[in-house]
*Asks:* 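Can you read through this structure? Questions will come right after.
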There are 2 protein chains.
Amino acid sequence: MTIAKNAKPASRPRGRPRAFDRDEALAKAAETFWRLGYEGASIADLTAVMGITPQSLYSAFTSKADLYREALQWYQDHVGASTVAALAEGDAVIALTRLLSEAAEEFTKKGRPHGCMISTAVLTCATENEPVARHVSDLRGATLALIRARVERGIDEGQLSPGTDPEALARFVGAMIQGMSVQAQDGASKAALLALARHAVTEIERHRA
Amino acid sequence: MTIAKNAKPASRPRGRPRAFDRDEALAKAAETFWRLGYEGASIADLTAVMGITPQSLYSAFTSKADLYREALQWYQDHVGASTVAALAEGDAVIALTRLLSEAAEEFTKKGRPHGCMISTAVLTCATENEPVARHVSDLRGATLALIRARVERGIDEGQLSPGTDPEALARFVGAMIQGMSVQAQDGASKAALLALARHAVTEIERHRA
DNA sequence: ATATTTCCAGAGTGACCATTGCGAAAAATG
DNA sequence: CATTTTTCGCAATGGTCACTCTGGAAATAT
């Protein structure tokens, strides 16, 4: 009878199930943080957008900081996925070019906040929020490392000239994305971002082997 | 005797003079806003750093938003002065080059916050602070216009090739500065910023007439 | 059914937010 | 010296902050 007691893989919890969809709520929260920032989005704002009460929020996500971290993860998984896809391109120059043109595309999509949720987030904050700022800063650092790794692979595979400085070129591309995020938040059009990105692309192409 | 009644240029006010130096207090306030951001710096933080009480602050500056605006002006006058100086350079390419290398210098100076106080400030905020965000955004727009004007002058004077798109090149340079500000706030060294700026300079030089 | 577990609604927690009234102290004018 | 004018220190304003206590309803397992 009770042989497979612990073998049941997805045992439903005993009590009343959650009334709202966690992922859906997270998506709404992410967009609110994206638009207002970590300090600018209050719990009242979040619960209103998510359509739940504070204690539902706190039972599903343990704190505002934790909810923000999950929202950032959601953003990386859903919106930032195209970044990873662009870098997976076989040729390094094409990869970086796609990275920039897709940034221009993503940063100006209608029906959602402009700019990047990570590139230019929590650059300054109250002292009590410094851990959160450090977390986002680390995410930016990870992206820079990703770009740098792609550049190094490009050098190894002979697509980029051996004299290329991976650190400098990665920071250059990263700065372009960050600057595009700022200008997108200031209302720059997709065309304007593409035009400025073209300058960066020209510089990248100069390093083709 | 009372001939020069209204001619007196600097008539001291009648009452008790202010106990603190206004400019000095403003400088301290600017640095606090610079480090913590508009939303991150509380009145308590500001009064502590400025060494005055709240009502002294409110009598000298009318509100937090107004104090912030004055702090931004102070920043432009004192720190941003080098930007204007760089753009005054006779040759457009040299002007833009100086602009970027001095940004690398200014953004990593010891003894004060890293990054730019304007380039990457108040990108997101609570809805009630949107007027402040718009103000800073306008300042960024003005800087972009300044760079663009310098590019146009460079084309007119024959230093830059006639095919140069002033809008795109100005946005490109602006994005570099904004990106450098982000990375400086994330802890990038002056050398790292100079290295990435060199990529931008190469692209600028490509437009030499 | 009954028992058990969890969710959700209203209201409220102390703490901190930007901002201010009040009265005393201080400096300049007459 | 007396008057005027202004600053400044203490304390407090209502409001919002992130966060939670309590109680009853709801949905599962037994």
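Only heavy atoms go into these numbers, but all of them, side chains included; no hydrogens, no water, no symmetry mates. The structure presented is a predicted model; accordingly, all values stated were derived computationally and were not measured. Just so it is clear: chains get the letters A, B, ... in the order the sequence lines come, proteins before strands, and each one is counted from 1.
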*Asks:* Go through the steps for A/Leu169 and A/Asp165 under the test side chain to side chain contact (heavy atoms under 4.5 Å, CB included), then give the verdict.
*Replies:* CA-CA 6 Å; A/Leu169 190 59; A/Asp165 178 350; over 6 Å; no
*Asks:* Rounded to the Å, how far apart are A/Leu67 CG and D/dC19 P?
*Replies:* 10 Å
*Asks:* Indicate, with a heavy-atom threshold strictly under 4.0 Å, whether B/Ala60 touches base, sugar-phosphate, or nothing.
*Replies:*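 Touches nothing.
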*Asks:* Taking the minimum atom-to-atom distance to the side chain of A/Ser42, which one of C/dA18, D/dC17, D/dC19 wins?
*Replies:*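 For the A/Ser42 side chain, the nearest candidate turns out to be D/dC17.
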*Asks:* Can you label the angle between the A/His199 ring and the B/Phe172 ring as parallel, tilted or perpendicular, going by 30° and 60°?
*Replies:* tilted
*Asks:* According to a strict under-4.0 Å criterion, is B/Ser56 in side-chain N/O contact with OP1 or OP2 of D/dC8?
*Replies:*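 Yes, B/Ser56 has a side-chain N/O under 4.0 Å of OP1/OP2 on D/dC8.
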*Asks:* Using a cut-off of 4.0 Å on non-hydrogen atoms, how would the nucleic acid contact of A/Ala41 be classed: base, sugar-phosphate, or nothing?
*Replies:*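 Answer is sugar-phosphate: A/Ala41 comes under 4.0 Å of backbone atoms only.
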*Asks:* Provide, to the nearest angstrom, the distance between the CG atom belonging to B/Asn129 and the P atom belonging to D/dC17.
*Replies:* 11 Å
*Asks:* How many whole angstroms separate atom CD of A/Glu39 from atom C1' of D/dA18?
*Replies:*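 In whole Å, D/dA18 C1' lies 13 Å from A/Glu39 CD.
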*Asks:* Apply the ring pair (Phe, Tyr, Trp, His ring centres under 6.0 Å) test between B/Trp34 and each candidate in B/Trp74, B/Tyr75, B/Phe107; give the one that qualifies.
*Replies:* B/Tyr75
*Asks:* Nearest whole angstrom, please: distance from the C1' of C/dC7 to the CZ of A/Phe20.
*Replies:*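 Spelled out: CZ on A/Phe20 to C1' on C/dC7 is 9 Å.
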*Asks:* Base, sugar-phosphate alone, or nothing: which one does B/Ser59 contact when heavy atoms must sit under 4.0 Å apart?
*Replies:* nothing
*Asks:* Provide, to the nearest angstrom, the distance between the OH atom belonging to B/Tyr58 and the P atom belonging to C/dC22.
*Replies:* 18 Å
*Asks:* Could you tell me how far apart A/Ile52 (CD1) and C/dT6 (C1') are, to the nearest whole angstrom?
*Replies:* 15 Å
*Asks:* For D/dC8, take OP1 and OP2 only and decide whether either is under 4.0 Å from a side-chain N or O of B/Thr53.
*Replies:*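 For D/dC8, OP1/OP2 do not have a side-chain N/O of B/Thr53 under 4.0 Å.
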*Asks:* Reading DNA chain D from 5' onward, which residue's closest nucleotide shows up sooner: A/Ser63 or B/Pro54?
*Replies:* B/Pro54
*Asks:* Find the distance B/Leu57:CG to D/dG9:C1' and express it as a whole number of Å.
*Replies:* 14 Å
*Asks:* Does this structure show an ion pair linking B/Arg112 with B/Glu106, if we count only N-O contacts that are shorter than 4.0 Å?
*Replies:* yes
*Asks:* Atom CD of A/Gln55 to atom P of C/dG10: distance rounded to whole Å?
*Replies:*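 It is 9 Å, rounded to the nearest whole Å.
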*Asks:* How far apart are the C-alpha atoms of A/Ile204 and A/Leu100, what are their side-chain angles, what is the distance that settles it, and do they pass the side chain to side chain contact (heavy atoms under 4.5 Å, CB included) test?
*Replies:* CA-CA 11 Å; A/Ile204 294 166; A/Leu100 290 175; 4.0 Å; yes
